[in-house]
Amino acid sequence: MSIAVTKPTTRRRAWVEHPLSLPINVSMVLWILSFIAVSLLANAPWAVTPVMFVWLLANSAAIVYVGMHLTVPLDAPRKSESEVVAEGTSLFRDAMYRLRRNQMATGSMVILLLLMLACFSQFALFHLIPVIKGKDRAAFASDSFYALHLDHTRTNEGETYEPPTAQHWFGTDSLGRDLFARTLFGGSVSFLVGIVGTVVSVSVGVSWGAVAGYFGGRVDEWMMRIVDILYGLPFLFLVILIMTLVNGLGNVASSTDQKFAEAAAAEKAGDTDKANAILSEITPDQRTASIVTKFMPPIVVVFVAIGLVSWLTMARITRGQVLSLKEREFVVAARAIGARAPRIIFRHIVPNLMGPVIVYSTLTIPEIMLSEAFLSFVGLGISEPNCSWGSLASEGLAGVNIIKPYWWLMVYPAAALSLSLFGLNFIGDGLRDALDPRSAK
Amino acid sequence: MLLDVKNLKTHFPTQTGLVRAVNGIDLQVREGAAVGIVGESGSGKSVLSMTMMGLVPSPPAIISADQVQFEGKDLLKATASEMRQIRGNRLAMIFQDPMTSLNPFLTIGDQLSEPLLIHKNLTSSQAKKRVIELLASVGIPDPVARYRSYPHEFSGGMRQRAMVAMAVACGPALLIADEPTTALDVTIQAQILELMQSIRQNEGTAVILITHDMGVAAGFCDEIYVMYAGRVVERGPTERLFAEPTHPYTKALLSSVPRLDDPPGGRFRTIPGQPPDLTNLPVGCAFSPRCPYVIDTCRKEVPPLTTVPGESVAREKACFVEIRGKEAGQ
Ligand SMILES: Nc1ncnc2c1ncn2[C@@H]1O[C@H](COP(=O)(O)OP(=O)(O)O)[C@@H](O)[C@H]1O
Ligand SMILES: [Mg+2]
């Protein structure tokens, strides 16, 4: 044990000190500028190609930028494991070092980031541009960048089932919608479902497991018995049940909304009696349904429903960890200073769970994305004209026939989905290996 | 009397039987006193301190006492929330291993602020100011920068200093230090003891120092309790107890301390026999199977803690035999 006073580690600011920081920072700025440019020039046909070019360039630079921080620093000499440990770095930094050395995981991260960036750019631009330009989606010229590459809802009767071309890179679907835009939008939805679902699953699972494990005894027994019971119920049954209930609620809500609209119309026409008559027909339940659906659109329900049934394993993992963590001396020390249970659980124990939680989360995201894909596949997930990779693949499957195989309808979304699932699994495996000190080599 | 414990028992029911870890302890600590508790590993010192802190979960443990009076309040009768208000505030504890008793994921500053935030209703900026003062007062260099360090960036000695600072943050009346220096090397050990001594003198904090090291106890404490198998076998002022032990176990402990005038290469003097099995204590005195002075009564009755006759200071021992001036086996 050394008694030497160790210098506090100064946090390295890689984006300033890195030898390539200048070109990378320039391309990041470029990326932001092109983002703005695409927004402003979206309706000008002449700008499409150059802006798209700059945009792609900047996107790649952004990816390289992130990738470089994830991979071994270019200027740092390779260190042996023992050197890293001898430096007295924390377990976490050790783990990050090991993760960076794992090429499958870092490669997956780069690819995933590229995919997510592309998807979320489309998602953002699709919603932002009409707001910035102050005009309707339909009002954009049909050869504009927006209509061609960003608007996944735009139908075109003359261009149904077009195979991939220079204009429609991924082809078009049965309504002539651009599959490139739809694949990007579907990606945003799939990633969002995966991420939000995982956040729900992790928050519920970790809290539940931590409370059960910390209090032990009766509390533990009851809480884990509930988990056991939920485990016994088929997962899809639960989700389908929730989705059906919500769909029912949605139907009630939309018919109620329609009545409200009728009443408002009657009011406007000066027919107050009729308006009152319509309003008096609306029951309190219908009102509630209408309000609830305002705050919980169906897509959010997909997130929550999947998250709510996938926290069980997280709860079990957490409980197991907490059982051993709560005997650790720093937890006893925290009790010795008079801390209450919530402080001990959420401030002292939960941060120490982050290793297994992060690993399990990265494996939960693909699992949830797959569940969403399945739900959309059987027609319970996202609804038209929105889409997810699952719903696109399902549509694509319908388009595959022997006489005229519209292969692109299925191949692109399915490829994107599989690529992400592979990537996430590689990252999860990489993290698990990296965080396990025994795997050090 | 700051702390007055009478007949404290902590028993753990286990598969193999009832573990009598603490088996009827009396303990008195005056304001500002330095009391040592010594005994071999497994004699119940840690369980005793954890029980006084209210940190032994019961059930499963079975805890009973005639009283555990602290600042006029019976700790065994206190509710969980009353107990939380005392812990870390009036009654604080330092643990053995500074490597494991700090949370690796929280900065030193965050951890040291906790008792202040919990007990003193300080705002976080007031707490930060106080913590930096505390870090400086326990001798941590550059406390402003150190506030943001993580435990792994501290050396062992500095972590134990930080633990001391955390324990005394709220100005407790009594500090229980359970083997605070066992995990440290000797020079650091001395520094930490010195630090605790200066806190005791400056703040008037009473200290219970738990250790298995007779040397440490001798250097720090005014009064010493010797524990064996969950009981106090002897108590008395440090000088007298060291000069002339009245219990065979104390005598054995003292003579097992290696000395400079020992012949080099000689064998270590150990106490013959096995430490007692707490689930299956012998009838009578727990030390009797290992005791060179044993008489028949020792194997039948448990010797009570009684005043040692012929002493100018208050001393007590739990032994039927007068061993002063006697050699073993006589
Ligand atoms: N929770 C528990 N359950 C059962 N036995 C215990 C428990 N805690 C401590 N003990 C036993 O109590 C005895 C005293 O332990 P301890 O107080 O740690 O000794 P020490 O004097 O070394 O600090 C040991 O034999 C130990 O095995
Ligand atoms: Mg101990």
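So that the names make sense, note that chain A is the first sequence line, chain B the second, and so on, each numbered from 1.
When heavy atoms are compared at a cutoff of 4.5 Å, A:R347 approaches chain B by way of both its backbone and its side chain. For a residue to count as touching a neighbouring chain, one of its non-hydrogen atoms must lie under 4.5 Å from one of that chain's; by this rule B:L102 touches chain A with the backbone only. With a 4.5 Å cut-off on non-hydrogen atoms, B:M83 does not touch chain A at all.
The closest donor-acceptor contact from the side chain of B:R161 to the backbone of B:L135 lies at 3.5 Å or more, if one exists at all. Panel note: side chain B:T107, backbone B:D110; a donor-acceptor pair is recorded below 3.5 Å. For the pair B:N103 (side chain) and A:H348 (backbone), a donor-acceptor distance under 3.5 Å is present.
The line from CZ of B:F154 to CE of B:M99 is 12.0 Å long, rounded to the nearest 0.5 Å.
Contact count against chain A (heavy-atom pairs under 4.5 Å) is highest for B:E114 among B:M93, B:M53, B:E114.
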